[in-house]
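Below you'll find the structure, written out as structure tokens, and then a few comments.
In the text below, chain A, chain B and the rest are named by the order of the sequence lines, each starting its count at 1.
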Amino acid sequence: MAVCVAVIAKENYPLYIRSVPTENELKFHYTVHTSLDVVDEKISAMGKALVDQRELYLGLLYPTEDYKVYGYVTNSKVKFVMVVDSSNTALRDNEIRSMFRKLHNSYTDIMCNPFYNPGDRIHSRAFDNMVNSMMMQVC
Amino acid sequence: MSRQAGRGTESKKMYWYLPFISPSASMHLMNSELFTLTYGALVTQLCKDYENDEDVNKQLDKMGYNIGVRLIEDFLARSNVGRCHDFRETADVIAKIAFKMYLGITPSITNWSPGGDEFSLILENNPLVDFVELPDNHSTLIYSNLLCGVLRGALEMVQMAVDVKFVQDTLKGDSVTEIRMKFIRRIEDNLPAGEE
């Protein structure tokens, strides 16, 4: 279960950030912002080879003592960043990949909404529901 | 509704018939996403041009009317149905043949009024509204109003004046999309419209 999910546009501004619990939100915003550097580093490192050899899933960006940060970048340079709690060790790589795939599919659905202008903040109810299902359940 | 199963495997295709211009014209398979996106672009452009949901609804109805008066010819040529004897037959033809031919869906017919002149078409899924979420500032927009115009225009060409409107819409939170059709009168073609 994720603790924070963020969608970052190509120009590196956030399209969607959601974290639970809602206090300490600023800390997660800061974490996501710093993780963008790691994302850029990974993209440029692999970018020397042909573009289609690069995988969309970037893997663990960096771990801290409280949580781990995972990244995923699409071919249109839209980045998905997910922060998960370190204490939740049961989370396997496959599960993270499938969560990113779900995010990517929901993002594509939003892009197809004719009322959505690319570059706007994301206000979709369907996207919120999907992210809710992925977030940690806080009692 | 989620398209996760569809994407990545094979995309949904719909049968798209060319207008009946020659006997050799044939049926094409068209990707339904292109159709949905085109309709979506049309509606959003109208919203930007008119700024007012009521005007957009009227324009969609007018456009649908223009499509309907032409589409009926193609439909009659292609489907070879005979004259309908009463409104119930008309309803059956609309739901089972026309909708299936042009949109690939078969709505169900319910809620007949006691006099037999009003009924409802229930659409479980509407291909025009895949992926669409109405923003809050367009809450009175009837997104699929083009369909009302098409039905009205087509039936007018076969001498039936009908009133078509949406009573339920999945975009506004209802579970199904319901279109109510009411027979007003038979049109006697004594005078062309406008020459009273």
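In A/His29, the NE2 atom is crowded: over 12 heavy atoms of neighbouring residues, nucleotides or ligands sit closer than 6.0 Å. Within 6.0 Å of OH on B/Tyr50 lie no more than 12 heavy atoms contributed by other residues, nucleotides or ligands. Environment of OH in A/Tyr30: sparse, with no more than 12 heavy atoms of neighbouring residues, nucleotides or ligands closer than 6.0 Å. Heavy atoms from other residues, nucleotides or ligands lying under 6.0 Å from NZ of A/Lys27 number more than 12.
At a 4.5 Å heavy-atom cutoff, B/Val129 makes no contact with chain A through either its backbone or its side chain. Of the atoms belonging to A/Arg101, not a single heavy atom falls under 4.5 Å from chain B.
Expressed to the nearest 0.5 Å, how far CZ of B/Phe131 lies from CD1 of A/Ile110 amounts to 12.0 Å. If you take CG on B/Asp130 and CG on A/Asn113, they are separated by 11.5 Å, rounding to the nearest 0.5 Å.
Evaluation of the salt bridge (charged side-chain N to carboxylate O under 4.0 Å, His left out) test over residues 160-183 of chain B, restricted to residues two or more places apart or in two chains, returns B/Glu118-B/Arg180, B/Glu118-B/Lys182, B/Asp163-B/Lys165.
Using a 4.5 Å cut-off between side-chain heavy atoms of Ile, Leu, Val, Met, Phe, Trp and Tyr, with links allowed through other members, B/Ile72 and B/Val69 fall into the same hydrophobic cluster.
Considering only heavy atoms from C-beta on, A/Phe115 comes within 4.5 Å of B/Cys47 through its side chain. Within the 4.5 Å cutoff, the side chain of A/Pro114 has heavy atoms near those of the B/Val132 side chain.
Side-chain atoms of B/Glu133 come within 3.5 Å of backbone atoms of A/Arg125 as a donor-acceptor pair (strictly under, hydrogens ignored).
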